[in-house]
Amino acid sequence: MRIDCKEAWDALSAYLDGEIDPVLRAEIERHVQFCEVCSAVLDSTRNILYLTADDRVFELPGGFRERLHAHIDEMLQQDSP
Amino acid sequence: MVEIVPTPEMQASQDLRQEQEAEQITRIVAGEKNLFHDLIRPYERRIYVTAFSMVRNAGEAEEIVQETMLKAYRSLHSFRGESKFSSWLTAIALNEARACLRKAGKSTMVFLDEEGDDGEGACQPFQLRDWREIPLEMLERNNLAGLLQDAIQALPEKYRTVFVLRDVEEMSIEETAHLLGLEPGNVKIRLHRARMMLQKTLAPLVQQASPSQRGMWAFLRRRP
Ligand SMILES: [Zn+2]
């Protein structure tokens with residue numbers, strides 16, 4: 001089996017999640033060794049996912065926790081679960 | 001989450017956490033109300049991020065978190081532990097976020113484009129030839145965080161929801177599927193689409209945003 005760029009893109013997400021059949025995985029790894037486009041597409045996608053998981057991308061507003069727990073305290077005084 | 005397969009140790013600590021939570025919940029319902037603070041503390045950040053990713057407004061996101069916690073507390077007695085407490089909270093937050101979008105008239109007609117486009121293909125990445133790791137300092141300097149938030153916000157809702165649960169909240173495919181009432185196969189397809197759309201939007205922006213750094217690296221590489 002030899003895959004082309006399109007097939008490599010279609011399998012990209014599964015590849016990044018490690019949820020991919022080993023034969024296809026090996027094919028992708030072989031393909032990106034000589035295809036600089038797919039190699040860059042793979043790296044950029046992976047990098048974007050790392051950024052997404054970085055705590056600094058979504059910062060909590062200042063005082064968020066204090067406000068939330070003060071709000072919860074108020075609620076606890078009024079309500080029962 | 002990228003290439004992380006849960007180890008038996010991770011699984012064991014998750015099971016322990018679920019047991020502890022079940023005990024906390026029983027005690028809260030029995031009257032130890034103040035334990036509710038501890039119960040939700042591990043999740044307040046991700047619930048905020050989920051809400052923010054959906055509505056892209058800090059004030060509204062904060063209100064959604066407060067409303068979510070309120071609803072969770074009031075229906076805590078009905079939580080049966082069939083799903084994880086964290087998923088249950090997320091489900092409440094998603095409903096609140098959707099209600100908020102609907103109220104603001106920002107709802108992107110979810111069901112109109114529901115049919116037919118979960119098939120394969122039709123999604124091409126931005127084709128570049130060279131990619132270097134984005135250095136983390138660039139996050140602050142070039143407002144990459146803002147670009148990423150905008151790009152997530154611009155995804156059609158059905159892709160955005162899946163992306164947020166899976167890649168922001170780091171839920172598994174199965175949890176995501178269960179929470180949204182989808183087949184795991186559909187979750188995978190939507191996730192793939194969402195990631196490709198983000199790559200397509202962000203890769204060219206990031207390339208433009210960092211010419212000086214790329215130049216600097218090239219200079220460093222040329223030195224003996
Ligand atoms: Zn290729």
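Each chain gets a letter, A, B and so on, in the order its sequence line appears, and its residues count up from 1. Just so you know, these numbers come straight off a predicted model, no measurement behind them.
Within a 6.0 Å sphere centred on CD of A:Glu19, heavy atoms belonging to other residues, nucleotides or ligands number more than 12.
No other option in B:Leu198, B:Leu191, B:Leu70 has as many heavy-atom pairs under 4.5 Å with chain A as B:Leu70. Contact tally against chain B (heavy-atom pairs below 4.5 Å) for A:Arg65, A:His71, A:Gln77: the top residue is A:His71.
Distance alone, capped at 3.5 Å, places no donor-acceptor pair between the A:Arg67 side chain and the B:Gln66 backbone. Between the side chain of A:His69 and the backbone N or O of B:Arg41, no donor-acceptor pair lies under 3.5 Å.
In this structure, the separation between OG1 on A:Thr45 and NE2 on B:His192 is 9.0 Å, given to the nearest 0.5 Å. Between the CD atom in B:Glu62 and the CG atom in A:Leu68 there is a gap of 8.0 Å [rounded to 0.5 Å]. To the nearest 0.5 angstrom, A:Phe58 atom CZ is 5.5 Å from B:Leu148 atom CG. To the nearest 0.5 Å, atoms OG1 (A:Thr52) and CZ (B:Arg166) are separated by 12.5 Å.
Side-chain contact, B:Gln199 with A:Ser44: a donor N or O sits under 3.5 Å from an acceptor N or O. The closest side-chain donor-acceptor pair between B:Arg195 and A:Ser13 falls under 3.5 angstrom.
Here the shortest heavy-atom pairing between B:Tyr48 and A:Glu59 reads CE2-O, 3.9 Å. The shortest non-hydrogen separation linking A:Val41 to B:Phe126 is CG2-O, 3.6 Å.
By the 4.0 Å N-to-carboxylate-O rule, A:Asp73 lies too far from B:Lys33 to be salt-bridged with it. Using a cutoff of 4.0 Å between basic side-chain nitrogens and carboxylate oxygens, A:Asp17 and B:Lys188 are not scored as salt-bridged.
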